[in-house]
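Naming convention: chains lettered A, B, ... in sequence-line order (proteins, then strands); numbering from 1 in each chain. Source: prediction; values computed, not measured. These values consider heavy atoms only, across backbone and side chains, with no hydrogens, waters or symmetry-generated copies.
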Amino acid sequence: MRETYDFAAVEAAAQQFWNETRAFEVVEDAAKPKFFCLSMLPYPSGALHMGHVRNYTIGDVISRYQRMNGRNVLQPMAWDAFGLPAENAAIKNNTAPAKWTYANIDHMRAQLQAMGYAIDWSREFATCRPEYYVHEQRMFVRLFKKGLAYRKQSVVNWDPVDQTVLANEQVIDGRGWRTGALVEKREIPQWFLKITDYAQELLDGLDKLPGWPDSVKTMQRNWIGRSEGLEIEFLVEGDRTPLRVFTTRPDTLMGVTFLSIAAEHPLAQEAARDNPKIQKFIDDCRHGGTAEADIETQEKKGIDTGLSAIHPVSGERLPVWIANFVLMGYGTGAVMGVPGHDERDWEFATKYDLLIRMVIVSDAVRDAIVDLGHEAEGNQDSMSAALGESKPLDVVEAPGALALLEDFERGIIEDRAYTEYGWLVNSGEYDGLDYRGAFDALARKFEGEGCGARRVNFRLRDWGVSRQRYWGCPIPIIYCSTCGAVPVPEDQLPVLLPENVKFMGVQSPIKADPEWRKTTCPQCGGAAERETDTFDTFMESSWYYARYTSPGAKDMIDARANYWLPVDQYVGGIEHAILHLLYFRFYHKLLRDEGMVHSDEPVTNLLCQGMVIAETFYRDQADGSRQWINPVDVEVIRDDKARITGAVLKADGKPVEIGAVEKMSKSKNNGVDPQTMVGKYGADTVRLFSMFAAPPEMSLDWSENGVAGMARFLRRLWAYSWQFCESRNPNRMAADLRWTAAEADAEAKACRRQIHELMNQANYDYERKQLNTVVSAAMKILNALDTLGTHAATVASVSSDVGKPKIDGELATQQREFVRREGLSVLLRLLAPVTPHVSHRLWNELDFGGNILDAGWPQADPEALKKASVTLAVQVNGKLRGTIEVPVDARRDAIEQAALANGDVSKYVTGTPKKIIIVPGKIVNIVA
RNA sequence: GCCGGUGUGGCGGAAUUGGUAGACGCGCUGGACUCAAAAUCCAGUUCUGGCAACAGAGUGUGGGUUCGAUUCCCUCCACCGGCACCA
């Protein structure tokens, strides 16, 4: 009995079947190869958005594909439940963060389940539960005892009105987002994890991750930022503590004309003591946020301290400046200024009229100097005189060399710093050395004198894990006036975060509550106070993957972890390329060093999906503000060539302005609610569109017309399958068909080959995770099946079969039915990972037997792919002029002859061709 | 500012990795069906010139390598992601 496609019923029934059979609950099975497919866990923000749908559909497609290929697949889900938005909601709505969070989780879980993801829900957890974070606290205590966790002063954004620390996100144009007050930098003590101890290993490990995108590996490499250089000591006049600076360019040392120090540097503080101007400058440096982008883009400013440092080679007195771009927290808080050979120093020196000295020149300039001024070595004036008016040819021809030489002659650098490597000049005994030579010579000198050393420096900084917020995991430390910072003993863990709290203003309830912090010192038993800061939420998301493997484990994880780990496939947004993924890798190494896991890296294959974007529409309001209108409420107007000419609001039919295509967001009101779409089209259609509209790594442009197109395809698939069900003849199901050349029906054979070729393409694309072309292959298969037995099929059939006899009667009918049946079984299995519900139903309806989840993956039949002839494109001088049909085994001369004999080709070839290039199976290019 | 990425018809994208640019889908145009509309089906659809056959141009810009470049190299432009307390 034929049915219409009722997606809601189909999806409910399939989901019920999976639930009842516990289809996705897995246990360790040594007999089967495992596959751990992990998607980044969601923050329970309130409702599922399209970004989630995309992320989890990609993960689900990969999971289901791997399962159909015989793997024991674990696909889990959890909630990254601590975080700032819960506190904001609490302040806004007067609800406790816990209550808000749990309600969101319940709602979003139901939304995820409606998508039909093959998730093992028995392993679900929320990171805000004590049974989860107790392990995190325990781990922190262990790291503390190992010396991998420590406390130091560190800079935060301070809102002077709210008297609170702000996240970078909460600083807008240097002001607090709620108060509008100018934000200040403030130093407070905070906890850090020594990720820098693992910097080299984190860097080296990237080379062992072939399954990670190069872009992510490059970003991580640059973030870790390993550099080799020299740490050099500059004495400061007046018997003060010497300044230590690190430089990767010791070859430019003789070009140092000043030193810069951070505003918080002790020397700066000293200089300000009786100088109000310097004090004011230092105070001004406190304004603005701590974000690197802000610091790097702000105007470079400085002030002279009046102090002098001594150049370690020349003994020259160098002015010491305070500069707003030097940061106390990173490195030594002091840098050497080489304006001749550093872009930023050049700008600074030009602005403040500091000396610019040229000490490095290019190859061409050096050659000129050596040739013409050898005897005048080291003497600027006589060398310039020796060069005179005549410029050597090398210099004139080499790009930029002439300007450089002229600068050299004048002894100034006019337009910009010369930052390339080159040869030393004006450097006394180091003249004529190159970078390496100068590096080694200076390193030996300073190491000998004890005022400098070779050093490897990392840009990577230790991980600050303290947050001055309530809704996070409490840091398990007790402060005792006699014993200092003492970790909470193991048997007193977890330190519980109270969930039933009231927000008074913006203050953390556990900081506001005088009772919560009161405790006794575990060491001396005296009165003591708890740490009221909580952990960075990256702490929870750094080990959640491991917890999935060991539900209910007494410790963080147990032996089961080593069956499942490392993760075989990780799927998540590219915005996590650096921070999350670096902490994640670091934490895995911490787990390894605790003996909990045996692998070095947590993830073998990484896929970073792009954003979901959509058109924006708006109306300018009378008060100058912009009213953003959701795309769902807008109708786009096009001309008869399909170009967009405008848009109107469906409600009033009046025009709206068209904005940019942007990431779906609340602020632009261009978010499309997945639940609405699922209600209207079904989960399979939404999943299908998410996979089809763009390759996983690229941004996905949401289009409801596109979604409607996917619904159309599924309806066609449904109708075709039912039609086949009705028309098939059970007596024709024998598989021992004769497919010999003489007896094969040309159309059936061509169609079968097309299907097997498409199957090959789809399998290739599944392996490389280009899922949009998997869907397109499936559509092509349905198109091919649809035209089998119609006039169009003869046209579409591949040329090599055209001349073959067309057989009639029972055998041809049998063959066509065989191709249809086989084609459908291939098509349903190719689609099963993407549209699991409809595939499940049709698989059963067509009696293919068993459960499609375990039906095995289709492989192309080499017999079906065999061809007698191929079509070659023929070019003349690289321009396509015609095509020829040749037997697959045609010899070179036969191909040449056929190409030249072709009428479309020959009219462009006059005389004997100079050269004929033949690429087998593809192209012939005649160079005339 | 620094690091990473992207750029192809009206739109999303494809091109099995140097070999017939525009597959597949959307949109649009025309037709069939219908009293009509929707749905469905059929045909067409890169641009320019031409009734057509056909010719020329064409993958962000400018250059280079090659018999041949969307693909490799250099330059520039635009947009997106990250920048350590959003997650």
Q) Is A:T218 touching bases, backbone alone, or none of the nucleic acid, heavy atoms closer than 4.0 Å? A) sugar-phosphate
Q) Using atom C1' of each nucleotide, how far apart are B:U17 and B:A87 to the nearest Å? A) 36 Å
Please tabulate, for side-chain N and O atoms in residues 213-223 of chain A, each donor-acceptor pair with protein atoms closer than 3.5 Å (sequence neighbours left out).
unit_1: A:K217; atom_1: NZ; unit_2: A:L209; atom_2: O; d: 2.9
unit_1: A:T218; atom_1: OG1; unit_2: A:D214; atom_2: O; d: 2.7
unit_1: A:Q220; atom_1: OE1; unit_2: A:R585; atom_2: NH1; d: 2.9
unit_1: A:Q220; atom_1: NE2; unit_2: A:A577; atom_2: O; d: 3.0
unit_1: A:R221; atom_1: NH2; unit_2: A:D207; atom_2: OD1; d: 3.2
unit_1: A:N222; atom_1: ND2; unit_2: A:T218; atom_2: O; d: 3.4

Q: Would you indicate whether A:K185, at its atom NZ, is surrounded by more than 12 heavy atoms from other residues, nucleotides or ligands within a distance under 6.0 Å?
A: yes
**Q.** Selected nucleotide, minimal atom distance to A:D640 side chain, candidates B:A57, B:U20, B:U29
**A.** B:U29
Q | For A:E704, all residues meeting side-chain hydrogen bond (donor to acceptor under 3.5 Å, both in side chains), sequence neighbours excluded | A | A:K680, A:Y681
Q. Which whole number of Å gives the distance between the P atom of B:C85 and that of B:U16?
A. 43 Å
Q) Between the side chains of A:N168 and A:T290, does any donor sit under 3.5 Å from an acceptor? A) yes
Q: Decide yes or no, distance alone: a donor-acceptor N/O pair under 3.5 angstrom between the base of B:U17 and the side-chain of A:R768.
A: yes
Q: Name the nucleic acid region contacted by A:F584, choosing base, sugar-phosphate or nothing; use a 4.0 angstrom heavy-atom cut-off, strictly under.
A: nothing
Q: For B:U46 and B:G25, measure between their P atoms and round to the nearest Å.
A: 15 Å
(Q) Measuring to OP1 and OP2 of B:A23, would you say a side-chain N or O of A:N783 lies under 4.0 angstrom away? (A) no
Q: Select one nucleotide: of B:C24, B:U20, B:C3, the one nearest the side-chain heavy atoms of A:N222.
A: B:C3
Q: Would you classify B:G9 as syn or anti? Syn applies when the glycosidic angle is within 90° of 0.
A: syn
Q: Pick the P atom in B:G4 and in B:U59, then give their distance to the nearest Å.
A: 27 Å
(Q) Both A:Y908 and A:K641 contact RNA chain B. Taking the nearest nucleotide for each, which residue is further toward the 5' end? (A) A:K641
Q. Hey, does A:D214 reach any base, or is it just sugar-phosphate, or nothing, if we go heavy atoms under 4.0 Å?
A. nothing
Q: For A:T297 and for A:A694, locate the closest nucleotide of RNA chain B by heavy-atom distance; then report the residue assigned to the nucleotide nearer the 5' terminus.
A: A:T297
Q. A:Y764 has a side chain; which of B:A23, B:G13, B:U16 sits nearest to it?
A. B:U16
Q) If you check every side-chain atom of A:R715, which of B:A39, B:C3, B:G27 has the closest atom? A) B:A39
Q) Backbone N or O of A:Q163 within a donor-acceptor pair of the A:D159 side chain at under 3.5 Å? A) no
Q: Would you please confirm or rule out a distance under 4.0 Å between OP1 or OP2 of B:U20 and any side-chain N or O of A:R881?
A: no
Q | G-U wobble or Watson-Crick pairing nucleotide for B:C35 (cut-off 3.5 Å, both distances) | A | none
Q: Establish, from distance only, whether the side-chain atoms of A:E540 and A:T537 form a donor-acceptor pair under 3.5 Å.
A: no
Q: Searching all strands shown, indicate the nucleotide that pairs with B:C54 (Watson-Crick or G-U wobble; both distances under 3.5 Å).
A: B:G49
Q) What does A:K780 touch in the nucleic acid at a heavy-atom separation under 4.0 angstrom: a base, only the sugar-phosphate, or nothing? A) base
Q. When syn is taken as a glycosidic angle within 90 degrees of 0, is B:U45 syn or anti?
A. anti
Q. Expressed in whole Å, how much space separates the C1' atoms belonging to B:G12 and B:G62?
A. 29 Å
**Q.** Residue A:N705, side-chain heavy atoms: nucleotide from B:G27, B:U20, B:G12 that is nearest
**A.** B:G27
**Q.** Residue pair A:Y5 / A:R715, side-chain donor-acceptor N/O under 3.5 Å
**A.** no
Q: Starting at the 5' end of nucleotides 66-87 of chain B, put B wherever the base has a protein heavy atom under 4.0 Å, S where only the sugar-phosphate does, and a dash everywhere else.
A: -BS-----------SBSBBBBB
Q | Nearest-angstrom distance, C1' atom, B:C80 to B:G58 | A | 26 Å
(Q) Using Watson-Crick or G-U wobble geometry with both distances under 3.5 Å, which nucleotide pairs with B:C79? (A) B:G5
Q. Can a salt bridge be assigned to the pair A:K511 and A:D533 using a cut-off of 4.0 Å between side-chain N and carboxylate O?
A. yes
Q.
Heavy atoms only, 4.0 Å cut-off, all strands: where does A:M40 land among base, sugar-phosphate and nothing?
A. nothing
Q: Quote, to the nearest angstrom, the P distance that separates B:U34 from B:G22.
A: 38 Å
(Q) Between A:D162 and A:R178 (salt bridge meaning N to carboxylate O under 4.0 Å), is one present in this structure? (A) yes
